*Asks:* 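Below is the structure I would like to discuss, written out as structure tokens.
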Amino acid sequence: FPTWKRTLARRARESQMKRFCRAQAIQRRLEEIEVTFRELEQQGIKLEKLLRDENESPADQQTQWTNQLLYLVQKKNNLMTEESDLMIAVQELKLEEQQCQLDEKLRSYMNKEDTLKTPEDEKAEQEILKQLVEVVNKRNVLIQLQEEKRLSEL
């Protein structure tokens, strides 16, 4: 095994591990967001009940409950935005993994001597190249979506 092939294999394993760790971190955060959603929902239900049932309570108290309810809604909206960003990141990770697999397949065909390639090999190589371009285009669309989202938030 030449040195450059070992280096490529090692780098592929390292990038795969990085993607795996990122995917795990994203999954953990999505689970945390889900738990927080439930907690916010319960707090919101309590505040709504207080506002509906306590008509005789002082106006200051009702204003405080209303403000708390609005804060919960704002917090929930922020979490929904973060969840949306994480879902985009998940899609990006999937496409990145797919791109790496296609790169590896394409490299194996391209490393083959042209004189040894069968017509099926050449056809497979062209198909992989076509799929690779599609994956790169999909990743580009995701990046553009993130950029548009970031600009709209500013």
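Predicted model, so just to flag it, every value in this text is computed and none were measured. As a basis for the values below, the full set of heavy atoms in this structure was taken, side chains included, without hydrogen atoms, waters or symmetry mates.
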*Asks:* In Å, rounded to the nearest 0.5 Å, how long is the span from CE of Met80 to CD1 of Ile33?
*Replies:* 11.0 Å
*Asks:* Does Leu142 belong to the same Ile/Leu/Val/Met/Phe/Trp/Tyr cluster as Leu86, with side-chain heavy atoms less than 4.5 Å apart forming each link?
*Replies:* no
*Asks:* Taking atom NZ of Lys94 as the centre, report whether more than 12 heavy atoms of other residues, nucleotides or ligands fall under 6.0 Å from it.
*Replies:* no
*Asks:* Donor-acceptor pair, distance only, cut-off 3.5 Å: does the side chain of Thr36 make one with the backbone of Glu32?
*Replies:* yes
*Asks:* List the residues meeting side-chain hydrogen bond (donor to acceptor under 3.5 Å, both in side chains) with Gln99, not counting sequence neighbours, and say none if there are none.
*Replies:* Arg139
*Asks:* Is it the case that more than 12 heavy atoms not belonging to Lys49 sit under 6.0 Å from its NZ atom?
*Replies:* no
*Asks:* Output the distance between atom CZ (Arg52) and atom CH2 (Trp65), rounded to the nearest 0.5 Å.
*Replies:* 13.5 Å
*Asks:* Could you give me the CA-CA distance, side-chain angles and deciding distance for Glu83 and Arg29, then say whether salt bridge (charged side-chain N to carboxylate O under 4.0 Å, His left out) is met?
*Replies:* CA-CA 9 Å; Glu83 184 180 42; Arg29 184 61 188 140; over 6 Å; no
*Asks:* Using 0.5 Å steps for rounding, measure from the CD atom of Gln16 to the CD atom of Glu97.
*Replies:* 5.0 Å
*Asks:* With hydrophobic residues grouped by side-chain heavy-atom distances under 4.5 Å, do Ile88 and Leu95 end up in a single group?
*Replies:* yes
*Asks:* Rounded to the nearest 0.5 Å, what's the gap from CE on Met17 to CZ on Arg22? Could you check?
*Replies:* 13.5 Å
*Asks:* So how far is it from Gln98 CD to Leu102 CG, rounded to the nearest 0.5 Å?
*Replies:* 5.5 Å
*Asks:* For atom CZ of Arg10, is the number of surrounding heavy atoms from other residues, nucleotides or ligands below 6.0 Å larger than 12?
*Replies:* yes
*Asks:* Distance-only, no hydrogens or angles: does the Asn140 side chain make a donor-acceptor pair with backbone N or O of Val136 under 3.5 Å?
*Replies:* no
*Asks:* What is the distance from atom OG1 of Thr7 to atom NZ of Lys5, rounded to the nearest 0.5 Å?
*Replies:* 12.5 Å
*Asks:* Lys76: which residues meet the side-chain hydrogen bond (donor to acceptor under 3.5 Å, both in side chains) condition with it, sequence neighbours left out?
*Replies:* Glu41
*Asks:* Counting only heavy atoms not in Glu134, do more than 12 sit closer than 6.0 Å to its CD atom?
*Replies:* yes
